[in-house]
Amino acid sequence: MLKRYDGNPILDPIPSNAWESRMVFNCAAIHEGGKTHLIYRARGVDGHVSRFGYAGTKDGFHIDERLPEPIFMGDPINDLECHGCEDPRLTRIGDRIYMCYTAYGMVPGVTRQIGSIQIGMTSISVDDFLNHKWNWEKRWYPFPRVDDKNACLFPEKINGKWVMYHRLAPHIWVSYSDDLKHWGASKIVMSHQEDWEYFKLGSGAPPIKTPKGWLFVYHAVSREFHYQLGLALIDLENPEKVIWRGKEPLLKPEAPYEVNGVVSDVVFTCGAVVRDDTLFIYYGGADTSICVATAKLSDLLDSMK
Ligand code: BMA
């Protein structure tokens, strides 16, 4: 049901831009002001350090705007994220856009070569975002020093609480908050069931509200260490209840730009948007370029039996 766009990849590295010369991948996606905005992860000449870039598309397929400089970077003097920032996910709440990302830092007292990862969060006003004024709020870390990533927010409170999905390997967990800053009451929501989910699971795009439930695209890692996408439907009133879950992957690495690249056999999403009845899933192919695949939302929901 999911169709790859014939013009994939839609975004490639730019060899002459040092910060994005090797890899552009795993982008957040949000539709605001008549345009889909992609905040993408990029790596360039300085090895493992990732930064975020911006690209925009009016029709969802063709990139009509791309900024030459990074729009967000790991704080080099904060040991929680001195090695960079990875895999952004965006959710609009009221007049702000919240970003969850993986903060890649150092283990204190050991060596800068040994990395630690945890969830970082920040936000920006919708106006500033649309005007490319990158006034991000001071960052915070819901679970500092906990090896945790793939965080995404639901766009509204459920039963009076803000809700986050995140990944403490190998499971997808849910946590709750009153203020979006302090998180707790964590529980496992999804664990591996199928062979293609053998090693671990993690959030993909932030959940999308539909009349039948929250549509949730996630990723899973197979025995062969291939990254694939899966689809689930979550109860609208209970983020701990999975109503339906696909037995087969929604997308697995098969196209040349998914099989061959800096990291082979990877499809990995951080963002999807619905426009009319079309779901656009933006994803990294082989950690090297950005691609899009679409499906009719109504067909996907009908297939969940
Ligand atoms: C995960 C993350 C993703 C990446 C994937 C495949 O651990 O780092 O950003 O796409 O590995 O390399």
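Each ligand, and each atom within it, is numbered from 1 in the order the structure gives. Just the heavy atoms: all of them, side chains too, but no hydrogens, waters or symmetry mates, feed the values below.
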**Request:** Output, in order, the C-alpha distance, side-chain angles, deciding distance and verdict of ring-ring contact (aromatic ring centres under 6.0 Å, His included) for Phe72 and Tyr54.
**Result:** CA-CA 9 Å; Phe72 189 89; Tyr54 171 91; over 10 Å; no
Working note: Glu224 + Tyr198, criterion side-chain hydrogen bond (donor to acceptor under 3.5 Å, both in side chains); need CA distance, chi angles, decisive distance, verdict. CA-CA 9 Å; Glu224 301 79 28; Tyr198 182 75; over 6 Å; no
One pair per line, please: each N/O atom of ligand 1 matched with every protein N/O atom under 3.5 Å away, atom names first, then the distance to 0.1 Å.
from: ligand 1; atom 1: 7 (O); to: Lys149; atom 2: NZ; distance (Å): 3.3
from: ligand 1; atom 1: 7 (O); to: Tyr227; atom 2: OH; distance (Å): 3.4
from: ligand 1; atom 1: 9 (O); to: Asn26; atom 2: ND2; distance (Å): 2.8
from: ligand 1; atom 1: 9 (O); to: Arg41; atom 2: NH1; distance (Å): 2.5
from: ligand 1; atom 1: 9 (O); to: Asp87; atom 2: OD1; distance (Å): 3.0
from: ligand 1; atom 1: 9 (O); to: Asp87; atom 2: OD2; distance (Å): 2.7
from: ligand 1; atom 1: 10 (O); to: Asn26; atom 2: ND2; distance (Å): 2.9
from: ligand 1; atom 1: 10 (O); to: Asp287; atom 2: OD1; distance (Å): 2.7
from: ligand 1; atom 1: 11 (O); to: Tyr227; atom 2: OH; distance (Å): 3.2
from: ligand 1; atom 1: 12 (O); to: Asp287; atom 2: OD2; distance (Å): 2.6

So the salt bridge (Lys or Arg N to Asp or Glu O under 4.0 Å) pairs with at least one residue in residues 122-137 (sequence neighbours excluded) are Glu137-Lys181
### Message
Taking Ile124's backbone N and O only, do any of them form a donor-acceptor pair with Trp136's side chain (distance below 3.5 Å, no angle check)?
### Response
no
Tracing side-chain contacts under 4.5 Å among Ile, Leu, Val, Met, Phe, Trp and Tyr outward from Leu201 reaches Phe154, Ile158, Val163, Tyr165, Ile172, Val174, Tyr176, Val189, Met190, Trp196, Trp214, Phe216, Tyr218, Ile234, Leu236, Val242
Here the ring pair (Phe, Tyr, Trp, His ring centres under 6.0 Å) pairs for residues 270-305, sequence neighbours left out, are Phe61-Phe280
